[in-house]
Amino acid sequence: MYALIDCNSFYASCEKAFRPDLAHHPVVVLSNNDGCVVARSPEAKALGIRMAVPLFQVREIIEKHRVAVFSSNYTLYGDISRRVMETLASFAPAIEVYSIDEAFLDFNNLLYKPDWHILGQQIRQQVWQDTGIPVSVGFAPTKTLAKVANQLAKKTPSLRHICVLEHTEQTAELLEDFPLQQVWGIGYGYCQRLEQQGVFTAGQLCRMPEAWVRKQLSVVGLRTVKELKGEPCLTLEEIADPRKMVITSLSFDKTTEDLETLREYVASFAVRSAEKLRTQGLCCTALAVSLSTNRFQRQKKQYRNSLSLALAEATSYSPEIIRVALKALDQLYRKEFSYKKACVMLYGLVPQHTIQQDLFKSPEENTPTVKKQKAMAVLDKLNEQLGRNKIKLAAQGNDDKWKSRQAKLSACFTTRWNELLVVR
DNA sequence: TCTGGGGTCCTAGGACCC
DNA sequence: TCTGGGGTCCTAGGACCC
């Protein structure tokens with residue numbers, strides 16, 4: 001058996017954990033830049049606030065019902081997540097942390113067979129006691145079915161957040177009514193495609209011939225279907241694969257046609273990506289820059305393009321990454337458009353201690369890599385102590401106009417001494 | 001007025017190798 | 001008339017996830 005444990009309305013629950021006054025109050029959390037709703041407490045869901053809806057579209061509901069609104073506070077959510085995972089790990093021999101608010105537990109090598117319902121209750125209770133976060137638990141013989149069980153646990157009040165799918169016939173029956181789009185691995189695109197061919201539920205999909213499934217949904221989809229039928233195809237991945245890319249992608253406050261302004265944005269995004277790289281001890285060997293207009297202004301001419309460039313030598317040195325990113329930007333730029341968004345992607349990541357040096361440069365031409373790394377270490381340390389972007393590179397420009405909007409940020413209750421919760 | 005950000009995997013096609 | 005067979009690597013695009 002596998003269990004999938006998923007935190008209920010995770011970001012909203014994190015905010016509530018430190019605001020007892022909001023215990024039964026509707027709460028929503030916004031995306032970066034405060035644009036869309038990305039988490040809703042049960043009370044907010046009940047008001048009809050949909051997932052991913054732009055904030056301005058639900059402004060009326062929010063004001064009428066005095067919904068509490070928060071910017072996303074990833075420092076807080078990351079730390080609470082770590083604590084939840086720590087508690088979960090104590091329940092099983094092996095755990096896969098699947099996302100910030102979800103984990104699979106592997107119960108396949110137990111010497112005894114637990115009562116799954118009781119175990120589920122114990123997990124819920126312990127996480128609640130340790131962190132104040134409510135979770136739902138789904139048990140099943142495959143990971144995909146555990147996901148199904150978890151969904152049922154959340155959506156069926158009588159189950160009280162615990163669902164066990166143990167018996168094949170009972171599972172098959174439940175799948176008959178289970179909507180395709182809620183299946184893990186079947187997204188919007190596949191769903192449309194399958195519906196056109198008369199397949200609407202997970203049960204119907206399971207009855208299609210495997211060759212047909214393979215053709216429609218590729219090998220990944222075939223695996224999903226086999227898992228739905230109870231045949232395990234996915235194993236627990238205890239150790240996360242090394243990261244393959246680092247992205248900084250942000251919309252601007254205002255659209256701009258000005259190349260100089262764009263250069264400051266792109267330089268800033270490059271710096272941010274390089275910082276992420278260094279905190280993970282990595283260097284990149286290639287980067288890509290992309291640029292786009294505002295896709296919501298349909299009446300205006302649209303432009304989207306990206307360009308990738310290889311670096312001569314793996315690096316995490318901000319000035320070098322800026323130099324190449326700006327080179328890409330200059331090639332992408334067309335002066336007749338007004339731009340809303342840019343993205344800097346770093347990829348071809350390698351550990352910083354295995355750098356292959358540039359064959360065509362003499363040692364004197366190159367500032368030794370160690371020196372660059374030391375310079376960046378000093379820069380990072382200063383910014384950590386004094387606040388992000390206190391020390392900048394000139395290419396980033398003078399003001400922080402690129403900084404994401406976070407107007408309603410809560411405190412970092414668990415990671416900063418001066419933001420500890422005060423109890424009177 | 002306003003509309004998120006950060007990731008992974010698979011496939012097909014082209015270039016190239018022996 | 002006839003034109004090999006077996007590979008790898010890279011890229012772009014499309015799907016998915018949270």
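So you know, we letter chains A, B, ... as the sequences are listed, proteins then strands, and number each from 1.
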**OP:** Pick base, sugar-phosphate or nothing for A/Asp34, based on heavy-atom distances below 4.0 Å to the nucleic acid.
**Re:** nothing
**OP:** Can you sort out the partners of A/Tyr317 under ring pair (Phe, Tyr, Trp, His ring centres under 6.0 Å), two or more places apart, ordered by chain and number?
**Re:** none
Subject >> SB check A/Lys390 A/Glu384 (cutoff 4.0 Å) >> reply: no
Subject >> Along DNA chain B (nearest heavy atom to each residue), the more 5'-positioned of A/Thr248 and A/Cys36 >> reply: A/Cys36
Subject >> Separation of B/dT1 P from A/Asn294 CG (nearest whole Å) >> reply: 12 Å
Original post:
Of the candidate nucleotides B/dT3, C/dC18, B/dG7, which contains the atom at the shortest distance from the side chain of A/Lys340?
Top reply: B/dT3
**OP:** Mind checking A/Lys341 for me? I need base, sugar-phosphate or nothing, with any heavy atom below 4.0 Å counting as a touch.
**Re:** sugar-phosphate
**OP:** Give one of base, sugar-phosphate or nothing for A/Val183, where a contact means two heavy atoms less than 4.0 Å apart.
**Re:** sugar-phosphate
Original post:
By a strict heavy-atom criterion of less than 4.0 Å, which residues belonging to residues 232-243 of chain A are in contact with DNA chain B?
Top reply: A/Asp241, A/Arg243
Anything under 3.5 Å between a donor and an acceptor, one on a side chain of residues 212-223 of chain A, the other on a protein residue two or more places apart or in another chain? List them.
unit_1   : atom_1 : unit_2   : atom_2 : d
A/Gln216 : OE1    : A/Arg193 : NE     : 3.1
A/Gln216 : OE1    : A/Gln197 : NE2    : 2.9
A/Ser218 : OG     : A/Val220 : N      : 3.4

**OP:** Would you classify A/Ser72 as touching base, sugar-phosphate or nothing, given that sugar-phosphate means primed atoms plus P, OP1 and OP2, and contacts are heavy atoms under 4.0 Å?
**Re:** nothing
Original post:
How is A/Val246 classified with respect to the nucleic acid when contacts are heavy atoms under 4.0 Å: base, sugar-phosphate, or nothing?
Top reply: sugar-phosphate
Original post:
Just the dot-bracket of DNA chain C, please: which string comes out with Watson-Crick or G-U pairs under 3.5 Å, [ ] for crossing, | for another strand?
Top reply: ....||||||||||||||
Original post:
Please give, in whole Å, the distance from B/dG6 C1' to A/Leu346 CG?
Top reply: 13 Å
**OP:** Verify whether one side chain among A/Glu257 and A/Ser338 offers a donor that lies under 3.5 Å from an acceptor in the other.
**Re:** yes
Original post:
How many Å lie between CG on A/Asp101 and P on C/dC17, as a whole number?
Top reply: 14 Å
Original post:
Under 4.0 Å: is that the gap between some side-chain N or O of A/Asn33 and OP1 or OP2 of B/dG5?
Top reply: yes
Original post:
A/Lys244 side chain N/O closer than 4.0 Å to the phosphate oxygens (OP1, OP2) of B/dG6?
Top reply: no
Original post:
Can you tell me how far P of B/dG7 sits from CE of A/Met345, to the nearest Å?
Top reply: 10 Å
Original post:
For the ring pair A/Tyr339 and A/Phe252, is the centre-to-centre distance below 6.0 Å?
Top reply: no
**OP:** For A/Ser72 and A/Tyr74, indicate whether the former's side chain and the latter's backbone hold a donor-acceptor pair under 3.5 Å.
**Re:** no
Original post:
So, A/Glu43 versus A/Ser41: side-chain donor-acceptor pair below 3.5 Å or not?
Top reply: yes
Original post:
Within the structure, does a side-chain N or O atom of A/Lys276 lie under 4.0 Å from either OP1 or OP2 of B/dG6?
Top reply: yes
Original post:
Is the side chain of A/Asn33 donor-acceptor paired with the backbone N or O of A/Gly35 at a distance under 3.5 Å, no angle test?
Top reply: no
**OP:** For residues A/Phe18 and A/Phe413, establish whether the separation of their ring centroids is below 6.0 Å.
**Re:** yes
Subject >> Considering all heavy atoms, the nearest A/Asp6-A/Glu102 contact >> reply: OD2-CG, 3.3 Å
Original post:
Are A/Tyr333 and A/Tyr303 close enough that their ring centers fall under 6.0 Å?
Top reply: no
Original post:
When all nucleic acid strands are considered with a 4.0 Å heavy-atom cut-off, which category describes A/Arg295: base, sugar-phosphate, or nothing?
Top reply: sugar-phosphate
Atom pairs, protein N/O to nucleotides 8-15 of chain C N/O, distance under 3.5 Å:
none

Subject >> Proximity of A/Phe178 and A/Trp184 rings by center, below 6.0 Å >> reply: no
Original post:
Which residue pairs pass the side chain to side chain donor-acceptor pair (under 3.5 Å) test when at least one of the two sits in residues 128-146 of chain A, sequence neighbours left out?
Top reply: A/Asn8-A/Ser136, A/Thr87-A/Asp130, A/Glu96-A/Lys143, A/Gln126-A/Asp130, A/Ser136-A/His161, A/Thr144-A/Glu227
Original post:
So, is A/Lys147 near the phosphate of C/dC17, with a side-chain N or O under 4.0 Å from OP1 or OP2?
Top reply: no
**OP:** Determine the contact category for A/Arg214: base if any of its heavy atoms lies under 4.0 Å from a base atom, sugar-phosphate if only primed atoms, P, OP1 or OP2 are that close, otherwise nothing.
**Re:** sugar-phosphate
Original post:
When we call it a touch if two heavy atoms are under 4.0 Å apart, what does A/Gln57 touch: a base, just sugar-phosphate, or nothing?
Top reply: nothing
Original post:
Starting at the 5' end of DNA chain B, which residue's closest nucleotide do you reach first, A/Ser31 or A/Arg223?
Top reply: A/Ser31
**OP:** With heavy atoms under 4.0 Å as the rule, sort A/Ile186 into base, sugar-phosphate or nothing.
**Re:** sugar-phosphate
**OP:** Grab the CG-C1' distance between A/Asn32 and B/dG4 for me, whole Å please.
**Re:** 6 Å
